Number of protein chains: 2
Amino acid sequence: MKDVAEQADVSKSTVSQYLNKRYSYMSSATREKIRVAIEELGYYPNQIAKSLKQKNTHVIAFICATLSSRFSLELLATIESVFQDAGYSVIIAATEDDPSKERSLINSFIARQVDGIIVFPTEENRDFYQKLQQRKFPVVFIDRLLDNVEIPSVLLDNKRAGYEATRELLKQGHQNIGIVTFPLGDNITTRVERIQGYKQALAKFNIEMNTANVISCLSNQVDTELTSLLKQKNAPTGLVLTNDILLEKTLMWVKRHHIKIPNELSLVGIDDVVFAQLFDPEITTLAQPITKIGVRAAKLLLKMLATDSSLIVEDYQYAPVLKQRNSIKSL
Amino acid sequence: MKDVAEQADVSKSTVSQYLNKRYSYMSSATREKIRVAIEELGYYPNQIAKSLKQKNTHVIAFICATLSSRFSLELLATIESVFQDAGYSVIIAATEDDPSKERSLINSFIARQVDGIIVFPTEENRDFYQKLQQRKFPVVFIDRLLDNVEIPSVLLDNKRAGYEATRELLKQGHQNIGIVTFPLGDNITTRVERIQGYKQALAKFNIEMNTANVISCLSNQVDTELTSLLKQKNAPTGLVLTNDILLEKTLMWVKRHHIKIPNELSLVGIDDVVFAQLFDPEITTLAQPITKIGVRAAKLLLKMLATDSSLIVEDYQYAPVLKQRNSIKSL
DNA sequence: TGTTTTTTGTAAACCGGTTTACTAAACTTC
DNA sequence: GAAGTTTAGTAAACCGGTTTACAAAAAACA
């Protein structure tokens, strides 16, 4: 910029005015001189320097649990597009649900002066987020919720999703229903609430829950867990798969074991994915309105950035969308 | 930092030394005083200010054509993980193959002082990249190549993928083979070379290419194009789908029209995706070694950043991996 | 013509760190 | 105890922009 100023024979300040299109302090001759100088020198401004002074970077961070689920990736695509249109860039990271990694990533992003964060939070970091909120740092929770933390959140109505998935099986006469979920020990609301919905649905149909029917494991254990559950003498006749990864693993297992769906086993998935529709038979699922969730979260954060008030506390829970297909046998 | 310095009753310089763990200029008493002051003030350093002086940000950009293909997203997951381990953050964007958007995104990332870029380049921006290379700005091409531009690239051996996919059909006796690709007009090497491979395979088997068998369209036109191609009297008996999105659209079309695979139509896809394995029958594909490609590109860029020399010109073309399944009928 | 007002522009501080060149004090060495 | 060497630490310039307060020149006005 100094070079441009010298070349155009004006001051640095004037060049800065020019770059910010504040032409009122400038004759058209000066304007032209600067334009030429910039052109000749191939000058382009350093956004970092600007950010330092102005205390904003027009960068936001999207921190998800994993980048290997379709859900996160579609969310990312949606969010990126909203922010790109708003002139923001998106920086990403995956925590693999490791709370300390989550904290260190967020701290490093804040050190990098991102303007805001959209994150899949974990329960263990409740205090950490509370502090962020007190410091009025703009954060939006997505996919998950932390009770008693005043940070806006956008997510699926998970209890309802668990409930409706289970009800689809119950309505067709299934009494003995299994459910597969990622580990419940981490207290991740998504998981806990889907299970709660499952319990509620059973209760509504006056069915006692059988804890042996709840498989809580990592994706690489789905195979053995399913095999051992399904070979029991009173094995469930229907299964709820609580996310896309678990549905995928289950379908792989189904193929390998040549199990007939829905005659030998009925299935319902949460998260709609392309292979649910391409499988034979097509799998009934409860879809998350991913685009709605992503757009809402992005706009919420943009609003927080614009109003500069972290006073916004809005919580959105979206209803799941039933995709009725052919993976449930009527008993 | 000034506050910390005052609180600890030392100079700003000393605090800076402390933060950078250059303890040699410091007594242990001073060290402790600074530690306490930082603790008390809850101070954390501003990375932007550091970047301004040090001229690096430890941020790189990943610019892909679209975030809706499985391929890009898996690549992203891989790349993000390598860079996270190396202490870098990844900023992302999608160009939708719009060359001017591509340029403006890259310019804005450079203005933001990213340390390097991994990009899916488009032909039209050849000159633009040439200039970047002359300025020694670290760029790695991924998935695609630009002839006569000395920028390292990491990609599938696309010609070979097209060749092998076609050969699988030819080997089973197919003579009349169609291929579906995204528009060829944009000169995107991935597309062009896969078609070249297709031609070469046909030539090898002494078969004249029939241009009517080449469908070049966007994903929302696949349906009508396939319908019109396949209803002709000498319709192809086998089809090569040149990427995951086209395979998905084709499988949807197949289901809707109740076409028996492979009896009524044989299929081979390029890009292995989970639904290829879950479909009935399982679809034969040529997989890209996505992890290898991603890791290689990431490490290449890291190397360029470390050696500070844009003198590295390495081109990697990875062989596709045949996943032989049951979607080809033997004639 | 002298006084205001407007136009055009600048100097200098600032953002929050890093780094270089320099020095006072303490310690060795002979 | 003089000279040399370490140790511990600082002042000030710098990175590349923005912004505020101030001012000279030109234009308008009386």
Side-chain angles (χ1 to χ4, degrees), chain A residues 1-38 41-59 87 107-115 135 137 308, chain B residues 1-38 41-59 87 107-115 135 137 308:
Chain A
M1 191 157 135
K2 209 176 90 186
D3 298 342
V4 172
E6 278 168 16
Q7 174 103 359
D9 201 25
V10 294
S11 75
K12 237 173 69 173
S13 328
T14 306
V15 176
S16 175
Q17 304 289 7
Y18 173 88
L19 290 170
N20 290 287
K21 304 191 194 307
R22 284 192 282 268
Y23 297 133
S24 45
Y25 297 124
M26 211 175 306
S27 68
S28 62
T30 308
R31 208 150 116 189
E32 179 63 11
K33 273 195 305 186
I34 296 175
R35 197 191 59 68
V36 171
I38 286 176
L41 295 171
Y43 165 82
Y44 53 99
N46 180 327
Q47 179 71 32
I48 287 281
K50 183 170 185 169
S51 291
L52 180 58
K53 176 73 180 178
Q54 298 195 324
K55 301 176 178 307
N56 64 49
T57 51
H58 278 240
V59 174
N107 280 330
S108 98
F109 288 143
I110 292 180
R112 275 175 191 160
Q113 313 295 116
V114 300
D115 292 346
R135 272 167 50 194
F137 186 83
D308 191 41
Chain B
M1 191 158 131
K2 211 175 88 188
D3 298 342
V4 172
E6 280 168 14
Q7 173 104 0
D9 200 26
V10 295
S11 75
K12 235 173 70 173
S13 329
T14 305
V15 177
S16 176
Q17 304 289 7
Y18 173 87
L19 290 170
N20 290 288
K21 303 189 196 306
R22 285 191 283 266
Y23 298 132
S24 46
Y25 297 125
M26 212 174 305
S27 68
S28 61
T30 309
R31 208 149 116 190
E32 180 62 12
K33 273 194 302 184
I34 295 175
R35 197 191 59 68
V36 170
I38 286 176
L41 295 170
Y43 165 82
Y44 53 98
N46 180 327
Q47 178 71 34
I48 286 283
K50 181 170 188 169
S51 292
L52 178 59
K53 176 71 180 182
Q54 298 195 324
K55 298 175 179 307
N56 64 48
T57 52
H58 278 241
V59 173
N107 281 330
S108 98
F109 288 142
I110 293 180
R112 278 179 187 156
Q113 311 296 115
V114 300
D115 292 345
R135 272 168 47 196
F137 186 82
D308 192 42

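Per chain, numbering begins at 1; letters A, B, ... match sequence-line order. Because the structure is predicted, anything quoted here is derived from the model rather than measured.
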Problem set entry | Contact state string [nucleotides 14-20 of chain C, B base, S sugar-phosphate only, - no protein heavy atom under 4.0 Å] | BBBBBB-

For this session: Select base, sugar-phosphate, or nothing to describe what A:Ser51 touches, counting heavy atoms under 4.0 Å on all strands.
Result: nothing

Polar atom pairs (N or O), protein with nucleotides 23-26 of chain D, under 3.5 Å:
none

Verify, without hydrogens or angle tests, whether [X] (side chain) and [Y] (backbone) share a donor-acceptor contact under 3.5 angstrom.
X        : Y        : result
A:Ser51  : A:Gln47  : yes
A:Thr57  : A:Gln113 : yes
B:Asp115 : B:His58  : yes

Problem set entry | Pairwise side-chain contact, B:Pro45 with B:Met1, heavy-atom cut-off 4.5 Å (strictly under) | no

Exercise. Would you call B:Leu52 and A:Asn46 a side-chain contact if the rule is heavy atoms closer than 4.5 Å?
Worked result: yes

Seminar exercise, completed: To the nearest 0.5 Å, atom CD of B:Gln54 lies from atom CD1 of A:Ile48 at 11.5 Å

Exercise. Roughly how far apart are A:Leu19 CG and A:Tyr44 OH, rounded to 0.5 Å?
Worked result: 14.0 Å

Exercise. What salt bridge (Lys or Arg N to Asp or Glu O under 4.0 Å) pairs are there with at least one residue in residues 19-33 of chain B, not counting sequence neighbours?
Worked result: B:Glu32-B:Arg35

Seminar exercise, completed: note: A:Met26, atom CE; C:dT10, atom P; distance rounded to Å ~ 10 Å

Exercise. For the pair made of CZ in A:Arg31 and P in C:dT7, what is the distance, rounded to whole Å?
Worked result: 14 Å

